[in-house]
*Asks:* 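Handing you this structure, nothing more for now.
Bear in mind that the values here come from a model prediction, so they are computed numbers and not experimental data. Basis for what follows: all heavy atoms, side chains included, without hydrogens, waters or symmetry-related copies. So you know, we letter chains A, B, ... as the sequences are listed, proteins then strands, and number each from 1.
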Protein chains: 2
Amino acid sequence: MLKKVLIIEDDTALRNSIVQSLELEDLEPISTSSFTQARRSIRSNFRGVILSDIKMPVHDGFDVLRFAQARDPDLPIILLTGYSDVATATKALKDGAYDYLEKPYDHERLMDILSRALEHRELVLQNRAYRDELDAQKSKTATGTLAEQMEMHERKVIEQALAVENGKVVEAAKRLGIPRNTLYDHMTRLRIVAKAFRDKAPTAK
Amino acid sequence: MLKKVLIIEDDTALRNSIVQSLELEDLEPISTSSFTQARRSIRSNFRGVILSDIKMPVHDGFDVLRFAQARDPDLPIILLTGYSDVATATKALKDGAYDYLEKPYDHERLMDILSRALEHRELVLQNRAYRDELDAQKSKTATGTLAEQMEMHERKVIEQALAVENGKVVEAAKRLGIPRNTLYDHMTRLRIVAKAFRDKAPTAK
DNA sequence: ATAAAAAGTCCGATATTTCGGACAATTAAT
DNA sequence: ATTAATTGTCCGAAATATCGGACTTTTTAT
């Protein structure tokens with residue numbers, strides 16, 4: 001489970017309070033006091049979520065939002081709004097914020113939102129990982145001469161058979177449906193040694 | 001994007017109001033008035049989320065929650081609680097509810113929660129699909145005789161070469177590093193016909 | 001309509017692979 | 001320590017695959 005929460009809050013007292021809150025819940029707060037300071041942490045594969053105040057000097061929460069969205073559209077941003085500032089909160093959501101939290105914040109509510117956001121982030125990252133893995137598998141366009149490709153596959157098949165049979169050549173040959181001599185022929189050609197597939201430590205002496 | 005929302009609400013007026021709300025937002029409400037009625041829709045791969053009232057005769061929202069969790073732990077359930085019934089809401093979340101919504105419901109707030117829940121559901125389902133695909137690929141333990149496995153692979157390689165070259169045998173042969181005659185030998189043996197790999201409609205006449 | 005190119009087929013000499021038998025070297029079991 | 005089984009290597013005849021040439025048929029381009 002992801003646990004990082006990048007906090008962007010200029011009010012030192014509030015910021016420390018939040019940090020303490022998160023630490024109590026076994027999360028990993030990263031405490032910053034401004035967009036500028038937080039900026040370098042906001043990367044595409046950040047393994048966590050962002051919790052930012054909206055009203056801040058120089059750069060406000062919307063700047064954070066815009067920047068983070070550019071870096072990674074699926075990075076959940078939770079914005080801290082003033083009490084019952086519904087208009088701003090709504091705008092934030094429309095702009096792509098994951099959720100908002102009214103100040104003064106309620107601990108339980110913050111945790112609910114954060115856990116949802118962290119889970120969301122985890123799903124997104126896992127999804128990307130799966131997608132990448134699948135793409136990698138599919139894009140391996142078979143290349144090279146027929147003989148090369150066949151030899152590669154032959155090696156794989158034979159090695160697997162040997163592995164399954166713990167390096168016993170006669171058994172592997174049976175499994176492959178060829179006489180052991182023939183298997184030896186192949187192994188010689190491919191420079192496969194059966195010994196390499198036997199248990200090094202079957203029983204401790 | 002997923003759009004189904006299974007509504008479980010015994011108050012007819014409120015239920016219809018919600019249905020209307022969702023239809024306005026281009027979602028697909030499934031309207032039911034009781035757990036019993038909704039039950040059959042709650043399946044493991046339900047492509048949507050559940051929005052259920054808590055306080056209902058016979059079976060309440062927690063029954064829905066328990067049942068749905070058993071069917072699919074990653075199926076988001078949003079519970080409708082009475083106004084500022086914080087205790088119940090908190091319990092619901094602890095029990096695995098995705099979120100809760102206070103009655104009387106605010107349209108914007110409902111939509112925010114639903115869109116998050118639907119997105120969450122979509123990610124979960126996508127994740128499962130990816131995982132299944134990867135598992136399927138990995139678990140294909142090579143079995144059968146050496147000759148069989150080699151022939152299968154040979155077929156794959158040749159067919160891919162033909163596909164890439166649009167069914168042109170001479171080109172495919174070049175790509176595979178063998179004389180075209182030899183490729184014909186292989187194709188004859190494997191009963192592969194080049195025609196099958198040519199564009200049926202290269203240019204519209 | 002004609003020419004050029006590619007698709008398919010068949011043949012046969014040459015090259016490679018298969019596979020059983022035989023045997024020495026190891027390893028495991030009694 | 002002796003036996004039995006397994007490993008690993010070599011041999012050679014039979015089976016199979018390769019590959020170029022020749023030829024007919026079909027497509028494609030002009």
*Asks:* Okay, side chain of B/S33, backbone of B/D10: is any donor-acceptor separation there less than 3.5 Å?
*Replies:*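 Answer holds: no.
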*Asks:* How many whole angstroms separate atom CD1 of A/I192 from atom C1' of D/dG8?
*Replies:*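 A/I192 atom CD1 is separated from D/dG8 atom C1' by 15 Å.
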*Asks:* Should the ring pair B/F35 and B/H59 be called parallel, tilted or perpendicular, given that the plane angle runs from 0 to 90° and is split at 30 and 60?
*Replies:*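 Perpendicular: the ring planes of B/F35 and B/H59 meet at over 60°.
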*Asks:* So A/L114 and A/L22, do their side chains get closer than 4.5 Å, heavy atoms only?
*Replies:*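 Touching, per the 4.5 Å side-chain cut-off.
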*Asks:* Five pairs at each end of the helix from C/dA1-D/dT30 to C/dT30-D/dA1: take the axis at both ends and give me the angle between them to 10°.
*Replies:*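 Nearest ten degrees gives 60° for this helix.
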*Asks:* Any side-chain donor-acceptor pair under 3.5 Å between B/E25 and B/H107?
*Replies:*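 Checked: B/E25/B/H107 side chains pair up, N/O donor to acceptor below 3.5 Å.
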*Asks:* For the base of D/dG8, is there a side-chain donor-acceptor partner from A/R180 under 3.5 Å away?
*Replies:*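 Present.
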*Asks:* Over all heavy atoms of both residues, which pair between A/G61 and A/M56 is shortest? Give the atoms and the distance, please.
*Replies:*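 That closest heavy-atom pairing would be N-CE, 4.1 Å.
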*Asks:* Only counting residues at least two apart or in another chain, list the ones meeting side-chain contact (heavy atoms from CB on, under 4.5 Å) with A/T81.
*Replies:*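 If we apply the side-chain contact (heavy atoms from CB on, under 4.5 Å) test to A/T81, skipping adjacent residues, the hits are A/I54, A/A89, A/Y100, A/E102.
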*Asks:* Within this structure, what is the CE-to-P distance between A/M150 and D/dT16, rounded to whole angstrom?
*Replies:*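 Computing the A/M150:CE to D/dT16:P distance gives 17 Å.
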*Asks:* Under a plain distance cut-off of 3.5 Å, with no hydrogens placed, do B/R116 and A/Y98 share a side-chain donor-acceptor pair?
*Replies:*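 Looking only at side-chain atoms, B/R116 and A/Y98 do not form any donor-acceptor pair under 3.5 Å.
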*Asks:* Can you build the contact string for nucleotides 16-21 of chain C? Use B for base contact, S for sugar-phosphate-only contact, and - for no protein heavy atom under 4.0 Å.
*Replies:* -SBBBB
